**Student:** 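Got a structure here, written out as structure tokens. Questions coming.
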Protein chains: 2
Amino acid sequence: MNALFKSLSDPTRREILQLLKDTDLTAGDIASHFDISKPSISHHLDLLKRSGLVSVRRDGQFLYYSINTTILEDLMQWVMNLKH
Amino acid sequence: MNALFKSLSDPTRREILQLLKDTDLTAGDIASHFDISKPSISHHLDLLKRSGLVSVRRDGQFLYYSINTTILEDLMQWVMNLKH
DNA sequence: TATATATTTAGATAAATATCTAAATATTAA
DNA sequence: TTAATATTTAGATATTTATCTAAATATATA
């Protein structure tokens, strides 16, 4: 749960999730949307992966990232619980 | 929105919110639940306040903190939007 | 097989954050 | 008005995090 919150606490990572909302993208596609180096984006993707917010599959040279909304249920539950 | 996510990214602050779920508490009451100095807790409370997650009222010498769940609607919306 | 492309990993650095102690402020009570 | 209590503010420090460049790994293609 901490990894999830930590993951969502960075604006770049939240924007990555927005990009992945509509379609799966390669690491390069994602990186090209930001004015940040590829290794940095790769690091953000790694954190998103570790927290369960994205998953990745290889297609040849490319790594396709996709959003995983299942884990967001936990967040919803946490929020609901806090609201009583 | 960033302040909200940042606020929720720290485990101590999330635990503070859990404490405030049931009842309003003074800064001292909150601090006594943790093995962290009062100034540090005061700092966490300040961040929670700035993000809109808690509000505070004075009663004599005491400052009572209470949870504000209204702002959590924004978070719910953000999550829902991400899920489409 | 050698080279090009896509991406990550490693290692360093700078910025942000959590924490501490000491001092300041606000209120109450003697 | 002085002393006690509650809490914050100030300033310093250590840890975490975001970022960078350079090097390594994986796959595809000439």
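Quick caveat: nothing in here was measured; it's all calculated off a predicted structure. Residue numbers start from 1 in every chain, and the chains themselves are labelled A, B, ... in the order their sequence lines are given, proteins ahead of strands.
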**Student:** Return the 5'-most residue of the pair A/Lys49, B/Ser40 with respect to DNA chain C, ranking by each residue's nearest nucleotide.
**Tutor:**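 In this pair, the answer is A/Lys49.
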**Student:** May I ask you to say what B/His44 touches in the nucleic acid, namely base, sugar-phosphate or nothing, with a heavy-atom cut-off under 4.0 Å?
**Tutor:**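 The residue B/His44 makes sugar-phosphate contact but no base contact.
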**Student:** Grab the NZ-C1' distance between A/Lys38 and D/dT19 for me, whole Å please.
**Tutor:**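 Nearest whole value for this atom pair: 16 Å.
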**Student:** Write down the distance between CG (A/Leu45) and P (D/dA18), rounded to a whole number of angstrom.
**Tutor:**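 Rounded to whole Å, this separation is 13 Å.
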**Student:** Using whole Å, report how far NE2 of A/His43 lies from C1' of C/dA12.
**Tutor:**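 Going from A/His43 (NE2) to C/dA12 (C1'), I get 14 Å.
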**Student:** From the options C/dC20, C/dT9, C/dT17, select the nucleotide whose nearest atom is closest to the side chain of B/Ile36.
**Tutor:** C/dC20
**Student:** Quick check: does any side chain N or O of B/Asp24 sit under 3.5 Å from a backbone N or O of B/Ser66, one acting as donor and the other as acceptor?
**Tutor:**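 The answer is no, because no donor-acceptor pair under 3.5 Å joins these two groups.
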**Student:** Describe the nucleic acid contact of A/Tyr65 in one word from base, sugar-phosphate, nothing, applying a heavy-atom distance below 4.0 Å.
**Tutor:** sugar-phosphate
**Student:** Respond yes when some side-chain nitrogen or oxygen of B/Thr26 is under 4.0 Å from OP1 or OP2 of D/dA6, and no when none is.
**Tutor:** no
**Student:** Hey, which sits more toward the 5' end of DNA chain D by its nearest nucleotide, A/Arg13 or B/Ala27?
**Tutor:** B/Ala27
**Student:** Heavy atoms only, 4.0 Å cut-off, all strands: where does A/Asp10 land among base, sugar-phosphate and nothing?
**Tutor:**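 It contacts sugar-phosphate atoms only.
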**Student:** Taking only side-chain N and O atoms of A/Thr12, does any of them lie within less than 4.0 angstrom of OP1 or OP2 on D/dA18?
**Tutor:** no
**Student:** Which part of the nucleic acid, if any, lies within contact of A/Leu47, taking any heavy atom under 4.0 Å across all strands shown: a base, the sugar-phosphate backbone alone, or nothing?
**Tutor:**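 Sugar-phosphate: the residue A/Leu47, judged by heavy atoms under 4.0 Å, touches backbone atoms but no base.
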**Student:** With hydrogens left out and only the distance checked, is there a donor-acceptor pair under 3.5 Å joining B/Gln61's side chain and the base of C/dT28?
**Tutor:**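 Under the 3.5 Å cut-off, the side chain and the base do not form any donor-acceptor pair.
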**Student:** Would you mind reporting whether A/Leu47 and A/Lys6 have side-chain heavy atoms less than 4.5 Å apart?
**Tutor:** no
**Student:** Roughly, in whole Å, what's the span from CZ in B/Arg58 to C1' in C/dT27?
**Tutor:**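 Between C1' of C/dT27 and CZ of B/Arg58: 7 Å.
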**Student:** Both A/Gly60 and B/Asp29 contact DNA chain D. Which one's nearest nucleotide lies toward the 5' end?
**Tutor:**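 Upstream on the strand: B/Asp29.
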**Student:** Determine the minimum heavy-atom distance between B/Ile71 and B/Gly52, stating which atoms define it.
**Tutor:** CG2-O, 3.6 Å
**Student:** Using atom CG of A/Leu63 as one end and atom C1' of C/dT9 as the other, report the distance to the nearest whole Å.
**Tutor:** 13 Å
**Student:** Rounded to whole angstrom units, what separation is found between the CG atom of B/Asp35 and the P atom of C/dA18?
**Tutor:**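 Answer to the nearest Å: 17 Å.
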**Student:** Give the rounded distance in Å between these two atoms: CZ of A/Phe62 and C1' of C/dT8.
**Tutor:**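 Value for this atom pair: 15 Å.
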**Student:** Return no unless some side-chain N or O of A/Ser37 is found under 4.0 Å from OP1 or OP2 of D/dT19.
**Tutor:** no
**Student:** Round to the nearest Å and state the distance from A/Ile30 atom CD1 to C/dT7 atom P.
**Tutor:**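 Whole-Å distance recorded here is 9 Å.
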**Student:** Please answer whether the main-chain N or O of A/Leu8 pairs with a side-chain N or O of A/Arg14 as donor and acceptor at a distance below 3.5 Å.
**Tutor:**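 Between the backbone of A/Leu8 and the side chain of A/Arg14 there is a qualifying donor-acceptor contact (under 3.5 Å).
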**Student:** Can a donor-acceptor pair be found, under 3.5 Å and without considering hydrogens, that links the side chain of B/Thr69 to the backbone of B/Leu72?
**Tutor:**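 No, the answer is negative, given that no donor and acceptor are paired below the 3.5 Å cut-off.
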